[in-house]
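Each chain gets a letter, A, B and so on, in the order the sequences are listed, and its residues count up from 1. Note that the structure is predicted; figures quoted are calculated from it, not measured.
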2 protein chains.
Amino acid sequence: MSKATNKAVKIIRKMILEGVFAPGAHLKEEELAKVCGVSRTPVRDALRALAAEDYVRIIPNHGTFVSEWSGQDIADIFLLRSMLEAYGARLAAQKATKEHINTMRKEVERIDKMLSSGKGVDLEIFLAGNKKFHETLREAAGSDRLTKIISRLISQPVVARTAISYTRDDLQRSNEHHAELVEAISAKDGEWAHSVMTSHILAAFQVYKRHYNPDQVEISD
Amino acid sequence: MSKATNKAVKIIRKMILEGVFAPGAHLKEEELAKVCGVSRTPVRDALRALAAEDYVRIIPNHGTFVSEWSGQDIADIFLLRSMLEAYGARLAAQKATKEHINTMRKEVERIDKMLSSGKGVDLEIFLAGNKKFHETLREAAGSDRLTKIISRLISQPVVARTAISYTRDDLQRSNEHHAELVEAISAKDGEWAHSVMTSHILAAFQVYKRHYNPDQVEISD
DNA sequence: CGTCAGAATATTGTATACAAAATATTAAGT
DNA sequence: ACTTAATATTTTGTATACAATATTCTGACG
C-alpha cells in the first residue's frame, strides 16, 4: 500500500477501534480526508482496504459504514478460526522444521518464565510471545493461503478489540496448550496437534464470552 | 461496486481468464483505461477488487501483475476447500430447513434426469445445477463468513478456468455424492455429511489433476 | 566489452475539479 | 398537521492534471 493510503488506513482503523466512530456510523470521505491530511483519493483506497478487513462495509452510491457485529458473528469467527488453525496445526505437525520447533519452544519458555517469576503478569510479553508462537506455527504449516485467511479473520475489529482480561489461570492454560502443541508437532502427530489447537481456540472463545457477556450489556433509556 | 468500476472489473477479469494477459504480465493502468473506455480512477478500483479475488497482485509503486499459480497453490486451494465445504455440510446437517432440502433434492433430480435421458451429457445443465446445489447448501449452513471465504477460494482464476473435461462417470459420481449429501442432511447426520462432502471435493481435485497434469506440460524453446 | 551515472521516459500515486446520485429541505396542497 | 413534489444541498463517483517514483535509455569511463 502506498504512503498516503497507508496513513489513512492506520488512522481510520485506529479511530474505529477506539470507538470514535460507532458501529453503523456513516463515514464521510471528505471528513476523513481532512482528519488524515490527505485527499479523498487515498481515503477511498483506504476504505476499500478496510472493507476487505471487514472493518467497514461499502454500499455503492450510499457510502461507507462501520461494521456492526452480532454475537452470532463472533461465534462464527471463533468456530471458523478453531477449524482453520487446527488444520494449520495438523499441517505443521507434518512439515515443521527443527528451526520452527525451536522458535516455538523458546516462546513457550519465555512466557513460562514470566508466569513463574512470582511478579505480576506482564501482558506485553504474553501477547508478543503468543503472536510469535502462532505466526511461527502458521509458517511451519506452509500454506500462504491458509495464513492469509486466518489473518483476515483475526484482524477483524471484534477480535482486535478483544484486549481480553485474561486471568492468570487463563494465561497458564494457554501456555500449557502451546507446550503441548510443541510436543505434538515434535512427535509429528497431526491428530494430536489438531485436537490441542481446537481446544486452544475454543478456550479463548470461552474467555471472550465470559468477558463480553450479553447479560452484562446495559440498555440506557 | 459502481458502474464504471464494475465494467472495468468484468472486462479485465475476462481478459485474464481468456489469456489475453499471461500470468506474470504487468497490467498498465492507462492501457486498461483505454480498453475499458473509462478513466484510470475506476480502473484502479477494479484492480484492487481483482487483487482481493487473487486474480492479480499489486506491488506498491511498481504496478499490478497477473497472478501466477503453482501446482502447490492449486492443491492448497482444493484441500482448503474440502475442509471448509465439509464444515459447511456439517452445519447444514444441523440447520437446514425443509425448503433447503427440497431445493437440493430438486437439483439432484434434474441432473439425474439429464444423465439418464440417453442423450449426450448437457454440461450447461450440470454446471447450473451443481452451482445451485452448493449455494443452497452453503445458505443452509447459515454462516455468511464461511460462504464468503469459500466464494473467494472458488472464484479464483485457476478454479474458474477449470472448465474441466468431466467424463460421464465423473458427472454420475458427482451427482451420487449430491444425493448422498441430501440423505445425510435430511437425517441430520453431520459427520456423514462432512465425510461425503470431503470425498466430493477431493474427487473433483482428482479430476482436475487428471486433466491438468504436470506431465502434459510442454516446454517450448 | 561491460558497468556505472545521469538524463529521459514511462508508470504509479495524489490532488483537484466536475458529474451523477442520494439525501435533506422547503413549500404547496389537502 | 401530514403528505407529496420540487428544489437545494450533500455525498459519492469519475475524469483529468500534476507530483513522485520507478524504469529505460544513453553515453562516458574503466
Side-chain angles (χ1 to χ4, degrees), chain A residues 1-16 18-68 148 155 157, chain B residues 1-16 18-68 148 155 157:
Chain A
M1 216 155 355
S2 53
K3 220 173 100 193
T5 302
N6 204 29
K7 184 179 169 188
V9 166
K10 280 183 180 166
I11 294 176
I12 298 169
R13 190 198 282 128
K14 187 151 173 271
M15 290 177 89
I16 292 174
E18 287 175 348
V20 179
F21 301 116
H26 184 182
L27 300 180
K28 278 117 179 217
E29 298 176 354
E30 208 155 8
E31 185 185 336
L32 293 176
K34 217 169 53 191
V35 169
C36 300
V38 297
S39 84
R40 267 182 62 212
T41 309
V43 164
R44 282 172 68 82
D45 269 18
L47 291 175
R48 300 296 182 281
L50 288 169
E53 292 179 23
D54 275 328
Y55 277 79
V56 302
R57 77 178 202 290
I58 296 171
I59 303 178
N61 287 320
H62 287 254
T64 303
F65 303 83
V66 178
S67 296
E68 305 179 79
K148 234 165 93 181
S155 84
Chain B
M1 219 156 352
S2 53
K3 221 173 101 193
T5 302
N6 203 30
K7 184 179 169 189
V9 167
K10 280 183 180 166
I11 293 176
I12 299 169
R13 190 198 284 129
K14 187 152 175 269
M15 290 177 90
I16 292 175
E18 288 175 349
V20 178
F21 301 117
H26 184 183
L27 300 179
K28 279 119 179 214
E29 297 176 355
E30 208 155 10
E31 185 185 335
L32 294 175
K34 217 168 54 189
V35 169
C36 299
V38 297
S39 84
R40 266 182 64 211
T41 310
V43 164
R44 281 172 69 82
D45 268 19
L47 291 176
R48 300 297 182 281
L50 289 169
E53 292 179 22
D54 275 328
Y55 277 80
V56 302
R57 77 179 202 291
I58 297 172
I59 302 177
N61 287 320
H62 287 254
T64 303
F65 303 84
V66 179
S67 296
E68 305 179 81
K148 233 164 95 182
S155 84

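Using a 4.0 Å heavy-atom cutoff across all strands shown, B:T41 reaches at least one base atom of the nucleic acid. Counting non-hydrogen atoms under 4.0 angstrom, B:T5 reaches the backbone sugars and phosphates but no base.
When distances run from any side-chain atom of A:V38 to the nucleotides D:dT11, C:dA15, D:dT14, the shortest one goes to C:dA15.
A straight line from CD of B:E30 to P of D:dA17 spans 12 Å, rounded to a whole angstrom. In this structure, NZ of B:K28 is placed 14 Å from P of C:dG13, rounded to the nearest angstrom. Note: CZ (B:F65) to C1' (D:dT23) measures 11 Å, nearest angstrom. Between the CZ atom of B:R44 and the C1' atom of D:dT14 there is a distance of 14 Å, rounded to whole Å. As rounded to whole Å, 21 Å separates atom P of D:dT14 from atom NZ of B:K34. Here the P atom of nucleotide C:dG13 and the NZ atom of A:K3 are 13 Å apart, to the nearest Å. D:dT12 atom P lies 18 Å from atom CE of B:M1, rounded to whole Å. Per the geometry, CG belonging to A:D45 stands 13 Å off C1' belonging to C:dA15, to the nearest Å.
Remark: side-chain polar atoms of B:T64 are not paired, donor with acceptor, to backbone N or O of B:L27 under 3.5 angstrom. No donor-acceptor pair closer than 3.5 Å links the side chain of A:S2 to the backbone N or O of A:A4. Side-chain atoms of A:T5 do not come within 3.5 Å of backbone N or O of A:D45 as any donor-acceptor pair.
Both B:R40 and A:L27 sit near DNA chain D, but only A:L27 has its closest nucleotide nearer the 5' end. Along DNA chain C, the nucleotide nearest A:H62 and the nucleotide nearest A:A4 are compared for position; the residue whose nucleotide lies closer to the 5' end is A:A4. Along DNA chain D, the nucleotide closest to B:S39 and the one closest to A:E29 are compared, and the more 5′ of them pairs with A:E29. Mapping B:I58 and A:N61 onto DNA chain C by nearest heavy atom places B:I58 at the nucleotide closer to the 5' end.
Using a 4.0 Å cut-off between charged side-chain N and carboxylate O, B:R40 and B:E30 make no salt bridge.
Phosphate contact (OP1/OP2 of D:dT12, side-chain N/O of A:H26, threshold under 4.0 Å): present.
Residues B:V35 and B:M15 have side chains in contact (heavy-atom distance under 4.5 Å, counting atoms from C-beta outward).
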